[in-house]
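This report refers to the structure that appears directly beneath it.
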Amino acid sequence: MKIIYQILFSFLFILFTCKTSRSQVTHGVSFQVGVTGTYYKSSVKDSKSYSTLFMPIMAFDYSKFNDNIFWGGVGYGLSPRMMPLYKYQDGTKIGIEYPEFWFRVRTGLKIQNEFLSHLPHIGLGIAINSEVSNYTNNGFQNGISYYDLGDSLYNVAKYRPYIELANTMINSTFREAKRNMFITFGIRYYPLPVFTKKVDVTYNYNSFKQVQYNIMEVFISAGIQKNFQR
């Protein structure tokens with residue numbers, strides 16, 4: 001928790017510096033879409049870890065830039081999740097799906113070159129989960145006759161914090177009052193487990209496994225940012 005407070009303090013300090021500085025301030029409002037590769041790391045012995053690829057991600061962000069090397073911002077986004085809980089020998093997966101809405105604050109450095117600027121940053125966020133349902137992904141196969149996801153639909157933690165490390169690449173003219181394209185790539189980690197307690201997944205009659213995960217993922221996104229100065 002100490003490092004979280006330090007990051008929050010640094011973020012507020014940066015915004016305060018931007019507000020009180022006499023140098024020109026640039027504000028940026030952006031929209032971005034991308035994809036994620038997510039790893040559901042199992043914390044239960046004899047229970048497999050799973051992963052998903054190319055799930056979509058989208059976000060709206062507001063950022064504030066100064067003539068100094070620091071910047072900060074806040075954002076809101078959505079990451080749909082399809083979490084596998086068990087995989088049969090024929091490749092069929094059963095699991096849960098839900099939309100994950102999140103709010104984040106970010107702070108970082110501005111490394112400006114002649115043509116391209118880098119905005120490496122650290123972010124803290126809180127994910128809000130809702131509307132959990134189950135799913136079966138068996139492609140063109142048929143043959144799943146019985147499964148019960150037990151309490152997995154009800155024991156998904158509603159609020160979970162996360163930390164992310166990322167870098168945004170944008171044209172060096174982004175400090176001007178104009179629109180710019182950008183690309184962001186990074187990693188995200190959720191320190192708290194997905195479920196409030198281990199859950200039983202009954203994948204066949206009288207056959208079940210317990211599951212519990214932590215989430216780690218990489219993401220890449222691209223978007224457009226509108227800049228204006230005050």
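Counting begins at 1 with the first residue of the sequence.
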Please lay out, stage by stage, how Val194 and Met83 fare under the test side-chain contact (heavy atoms from CB on, under 4.5 Å). CA-CA 10 Å; Val194 171; Met83 185 185 305; 3.6 Å; yes
Under 4.5 Å between side-chain heavy atoms, counting indirect links through other Ile/Leu/Val/Met/Phe/Trp/Tyr residues: same cluster for [X] and [Y] or not?
{"X": "Ile163", "Y": "Phe103", "value": "yes"}
{"X": "Val132", "Y": "Tyr190", "value": "yes"}
{"X": "Leu192", "Y": "Tyr162", "value": "no"}
{"X": "Met82", "Y": "Leu78", "value": "no"}
{"X": "Leu53", "Y": "Tyr213", "value": "no"}

Are Tyr50 and Tyr40 close enough, and set up right, to give a ring-ring contact (aromatic ring centres under 6.0 Å, His included), and what steps lead you there? CA-CA 5 Å; Tyr50 293 105; Tyr40 300 99; 8.5 Å; no
Between [atom1] of [X] and [atom2] of [Y], what distance do you get to the nearest 0.5 Å?
{"X": "Ile187", "Y": "Met216", "atom1": "CD1", "atom2": "CE", "result": "10.0 Å"}
{"X": "Asp200", "Y": "Leu85", "atom1": "CG", "atom2": "CG", "result": "11.5 Å"}
{"X": "Phe31", "Y": "Ser221", "atom1": "CZ", "atom2": "OG", "result": "10.0 Å"}
{"X": "Asn134", "Y": "Leu153", "atom1": "CG", "atom2": "CG", "result": "5.5 Å"}
{"X": "Gln32", "Y": "Ile224", "atom1": "CD", "atom2": "CD1", "result": "12.5 Å"}
{"X": "Ile57", "Y": "Phe219", "atom1": "CD1", "atom2": "CZ", "result": "6.0 Å"}

Write down the atom of [X], the atom of [Y], and the distance for their closest heavy-atom approach.
{"X": "Thr168", "Y": "His121", "value": "OG1-CE1, 3.6 Å"}
{"X": "Leu149", "Y": "Gly95", "value": "CD1-O, 3.1 Å"}
{"X": "Gln212", "Y": "Lys198", "value": "NE2-N, 3.9 Å"}
{"X": "Ala157", "Y": "Pro193", "value": "CB-O, 4.3 Å"}
{"X": "Thr184", "Y": "Ala166", "value": "CG2-CB, 4.2 Å"}
{"X": "Pro191", "Y": "Asn214", "value": "O-ND2, 3.1 Å"}

Quick check, are the ring centers of Phe60 and Tyr76 under 6.0 angstrom apart? no
Counting only N and O atoms by type, is there a donor-acceptor contact under 3.5 Å from the side chain of [X] to the main-chain atoms of [Y]?
{"X": "Asn167", "Y": "Leu119", "result": "yes"}
{"X": "Thr202", "Y": "Asn204", "result": "no"}
{"X": "Ser47", "Y": "Gln210", "result": "yes"}
{"X": "Asn68", "Y": "Phe70", "result": "yes"}
{"X": "Ser172", "Y": "Leu116", "result": "yes"}
{"X": "Asn155", "Y": "Phe195", "result": "no"}
{"X": "Thr26", "Y": "Arg175", "result": "yes"}

Any chance the side chains of [X] and [Y] put a donor and an acceptor closer than 3.5 Å?
{"X": "Glu176", "Y": "Asn227", "result": "no"}
{"X": "Asp90", "Y": "Thr92", "result": "yes"}
{"X": "Thr107", "Y": "Trp71", "result": "no"}

More than 12 foreign heavy atoms under 6.0 Å from [atom1] of [X]: is that the case here?
{"X": "Tyr39", "atom1": "OH", "answer": "yes"}
{"X": "Lys48", "atom1": "NZ", "answer": "no"}
{"X": "Tyr154", "atom1": "OH", "answer": "no"}
{"X": "Lys209", "atom1": "NZ", "answer": "yes"}

Between [X] and [Y], is any pair of side-chain heavy atoms under 4.5 Å apart?
{"X": "Ile220", "Y": "Val35", "result": "yes"}
{"X": "Met58", "Y": "Ser79", "result": "no"}
{"X": "Lys87", "Y": "Ile94", "result": "no"}

Parallel, tilted or perpendicular: which one describes the rings of Phe65 and Phe174, with boundaries at 30° and 60°?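 It falls in the perpendicular class, over 60°.
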Whether Tyr62 and His27 hold their rings parallel, tilted or perpendicular, with breakpoints at 30° and 60°: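 Answer is parallel, since the angle falls under 30°.
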Taking the six-membered ring of Trp102 as reference, does the cationic atom of Arg160 (NZ for Lys, CZ for Arg) lie under 6.0 Å from its centre and within 45° of its axis?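 No, Arg160 and Trp102 do not form such a contact.
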side-chain contact (heavy atoms from CB on, under 4.5 Å) between Asp61 and Val29, worked out: CA-CA 6 Å; Asp61 282 284; Val29 178; over 6 Å; no
Apply side-chain contact (heavy atoms from CB on, under 4.5 Å) to Val201 and Val211, showing your working. CA-CA 7 Å; Val201 175; Val211 298; 3.9 Å; yes
Salt-bridged, Arg81 to Glu97, with N to O below 4.0 Å?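 Salt bridge between Arg81 and Glu97, a charged N being under 4.0 Å from a carboxylate O: no.
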